There are 2 protein chains.
Amino acid sequence: MRPTMMDVAQAAGVSLKTVSRVVNREQGVRTTTLRSVQEAIQELGYSRNEHARVLRQNRASRMLGLVTRDVSNPFYSAIARGVEEEVRDRALLVIAGSSDEDAERERALLEVLCERRVGGLIVAPTGSDHSFLAPELALGTPITFIDRPPWRLAADSILLDNVGGARDAVEHLLAHGHRRVALVGDLPEVFTTSERVRGYQTALRAAGLPVDEALVRLGCHDTRSAEAATRELLSLPEPPTAVFAGNNRITFGVLRALAGRARPPALVGFDDFELAPLLSPPVTVVAYDAVELGRQAARLICERLAGASGPPRQIVVSTEVVPRGSGEVGP
Amino acid sequence: MRPTMMDVAQAAGVSLKTVSRVVNREQGVRTTTLRSVQEAIQELGYSRNEHARVLRQNRASRMLGLVTRDVSNPFYSAIARGVEEEVRDRALLVIAGSSDEDAERERALLEVLCERRVGGLIVAPTGSDHSFLAPELALGTPITFIDRPPWRLAADSILLDNVGGARDAVEHLLAHGHRRVALVGDLPEVFTTSERVRGYQTALRAAGLPVDEALVRLGCHDTRSAEAATRELLSLPEPPTAVFAGNNRITFGVLRALAGRARPPALVGFDDFELAPLLSPPVTVVAYDAVELGRQAARLICERLAGASGPPRQIVVSTEVVPRGSGEVGP
DNA sequence: TTGAAAGCGCTACCAA
DNA sequence: TTGGTAGCGCTTTCAA
């Protein structure tokens with residue numbers, strides 16, 4: 001059996017309360033007593049039961065729940081990293097789970113995390129109704145949405161400047177003389193997709209160019225479909241001279257479609273990636289600090305935990321075009 | 001205040017025990033009673049307190065602790081993914097933390113996880129003494145080490161075939177006619193480094209070639225130092241005609257050093273990466289299934305939780321050379 | 001400086 | 001089919 005404080009107390013010949021004092025580093029324990037209790041703890045391999053503490057203190061556990069669409073995706077693992085960095089010194093742990101873009105699974109994960117009485121929740125959401133979190137929010141658990149806003153729930157959110165980033169990318173291509181700029185994008189119902197499409201349209205309209213629907217290929221949710229869509233674009237009677245890729249998966253698909261072509265179209269991709277500078281040509285991207293996204297989310301949670309009230313906040317993280325070569329070739 | 005079972009009971013006009021039955025889906029509750037309790041639960045936004053359950057049932061919490069060196073590193077996030085996939089159906093959650101290669105931090109994380117009464121621990125270790133985990137192990141908490149073996153502790157481990165993978169890589173280069181094969185490696189005190197060095201030496205010796213220390217550059221813990229080491233190798237009076245890179249960070253550094261060179265040496269890197277096929281030339285690597293590594297670790301934990309006893313097990317995951325171009329050029 | 005006792009929210013056990 | 005009660009391991013409060 002696992003030793004309890006009572007076991008330690010008996011081994012050390014003191015009362016349970018004295019052991020509690022030692023374990024919690026409280027003042028007012030004679031040095032000799034302290035020593036003998038510490039020895040008993042060592043001897044028995046005692047480890048304090050956090051569940052009993054949480055229960056007795058009737059508080060949240062020192063854990064944050066982080067629900068993303070896939071922990072192994074570099075975007076979300078960077079967020080996880082940022083969250084962890086930010087809460088590390090506050091002795092908070094992170095429980096991370098993947099929804100796999102399944103709203104049911106997302107909900108199940110979030111509910112289980114609430115049963116665990118997490119101190120806060122950070123969600124990169126998939127579902128389209130988060131109203132089931134309203135009671136938890138009302139009870140004081142801070143919840144921050146990241147990458148996409150909450151639906152049917154008034155909660156904090158950290159978003160990228162999707163419109164601005166996409167607009168900058170397309171303007172960058174236009175500035176290099178392109179007039180036929182294609183967009184390869186993810187599922188149109190996804191928040192970030194529709195925002196980036198808006199940015200794309202905004203840039204074209206500001207330049208007095210029409211939005212040619214033949215050059216807009218949405219619904220590419222994986223590398224393969226992005227590759228196929230790009231091949232289709234390139235075999236049009238009037239192919240685009242430049243491509244804007246809506247996210248990193250799509251950029252990889254576009255790159256596969258362009259591989260080996262003598263004179264590939266210009267390319268700017270949303271999302272940076274480590275090897276972008278090593279490709280030929282090096283890939284121009286819309287970059288941002290994904291780790292910072294996680295840090296900001298965690299910071300917001302911590303502020304709320306520290307008592308900050310007030311209406312939901314929305315923080316928009318800026319993006320930046322990083323020219324590397326692929327986006328600076330002419331038509 | 002957060003509602004308890006007692007609050008629900010009062011709202012529904014039943015006893016606490018009846019609410020417990022409903023919450024736990026026990027048989028023997030009249031349909032009308034069931035309904036009214038469910039309504040009260042909905043009304044109050046009740047959520048069961050998992051800490052109270054764990055305490056009362058005197059069991060481990062349904063959580064696994066996962067301590068890696070950096071959650072945002074693709075290798076470890078793939079492991080996290082594998083662990084999660086494997087335990088998902090068993091309703092286990094994963095608490096993930098990064099040690100940042102700091103043994104003290106690793107120890108602190110592991111101890112906090114034990115206080116949380118995790119059902120099992122998976123560790124990609126940094127420290128060189130894990131004997132402090134002995135009491136926890138003795139109390140029945142399964143612990144699996146991954147990527148590197150435990151030190152001063154008899155516990156399960158999941159390792160890569162580091163020697164075999166490195167040997168295969170070098171043999172692959174030798175088979176293409178190389179006689180001067182360099183090794184760029186991580187810190188020599190790291191387990192995987194020394195194993196891979198052994199594999200490198202084994203391959204050379206088996207081919208009757210000397211191990212030329214001038215061609216062995218260890219201590220490269222980041223991309224930058226690997227790049228510098230590679231530049232040094234290339235400016236030797238007798239430069240290598242092929243390079244074996246000891247891990248993915250090093251491969252990236254080597255690639256940076258080779259970028260733009262008219263006739264780069266052959267290259268095989270340990271660790272696969274998504275963009276390897278898209279580089280020019282595409283990069284030949286020693287590949288393995290990192291997600292499977294995590295799955296195996298979780299499987300081992302689950303078997304132990306299900307009662308499997310016996311001496312520590314060691315599982316070695318095989319590797320495979322994936323030829324893509326960079327490793328198939330002659331000297 | 002130390003100890004005794006109540007009780008956090010829940011489940012297990014027994015009773016009705 | 002339902003309810004009462006003890007107690008999980010700890011912290012809190014009060015007393016010695």
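Computed from a predicted structure; not experimentally measured. Side chains included, hydrogens not; waters and symmetry mates left out as well; all remaining heavy atoms used. Protein chains get the first letters and strands the later ones, always in sequence-line order, with residue 1 at the start of each.
- Annotation: side chain of A:R117 is not in contact with side chain of B:E50 (no heavy-atom distance under 4.5 Å).
- The side chain of B:Q57 places an N or O atom within less than 4.0 Å of a non-bridging phosphate oxygen (OP1 or OP2) of C:dA12.
- A straight line from CG of A:N49 to C1' of D:dG9 spans 6 Å, rounded to a whole angstrom.
- The aromatic rings of A:H51 and B:H51 sit tilted relative to each other, their planes meeting at an angle between 30° and 60°.
- Side-chain nitrogen and oxygen atoms of A:R53 include at least one within less than 4.0 Å of the OP1 or OP2 phosphate oxygen of D:dT11.
- Between A:S15 and C:dT2 there is no side-chain N or O to OP1 or OP2 distance below 4.0 Å.
- B:R21 contributes a side-chain N or O that forms a donor-acceptor pair with the base of D:dG3 under 3.5 Å.
- Between the CG atom of B:L16 and the C1' atom of D:dA6 there is a distance of 13 Å, rounded to whole Å.
- The residue A:V14 sits close only to the backbone: its heavy atoms come under 4.0 Å of sugar-phosphate atoms, none of a base.
- Residue order along DNA chain D, read from the 5' end via each residue's closest nucleotide, puts B:T33 first among B:T33 and B:R117.
- Between A:E26 atom CD and C:dG3 atom C1' there is a gap of 13 Å when expressed in whole angstrom units.
- Side-chain nitrogen and oxygen atoms of A:N24 include at least one within less than 4.0 Å of the OP1 or OP2 phosphate oxygen of D:dT11.
- Separating the CD atom of B:E115 from the P atom of D:dC10 is a distance of 10 Å, rounded to the nearest angstrom.
- With rounding to whole Å, A:L55 atom CG is found 11 Å from D:dT11 atom P.
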Working for side-chain hydrogen bond (donor to acceptor under 3.5 Å, both in side chains), residues B:T126 and B:E101: CA-CA 5 Å; B:T126 273; B:E101 318 199 14; 5.4 Å; no

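- In this structure, B:Q10 places its CD atom 14 Å from C1' of C:dG9, rounding to the nearest Å.
- The phosphate of C:dG3 has OP1 or OP2 within less than 4.0 Å of a side-chain N or O from A:T18.
- Between B:S20 and C:dT11 there is a side-chain polar atom (N or O) within less than 4.0 angstrom of OP1 or OP2.
- Atom P of nucleotide C:dG9 and atom CZ of A:R116 are separated by 18 Å, given to the nearest angstrom.
- Put simply, NE2 on B:H51 is 18 Å from C1' on C:dG7, counting in whole angstrom units.
- A:V23 comes within contact range of no nucleotide atom at all, as no heavy-atom separation falls under 4.0 Å.
- Comment: A:E292 engages A:R295 in a salt bridge, judged by a side-chain N to carboxylate O separation of less than 4.0 angstrom.
- Contact between the side-chain N/O atoms of B:R30 and the OP1/OP2 oxygens of D:dT1 is not found at any separation under 4.0 Å.
- A salt bridge does not link A:E115 with B:R62: none of the charged nitrogens is closer than 4.0 Å to a carboxylate oxygen.
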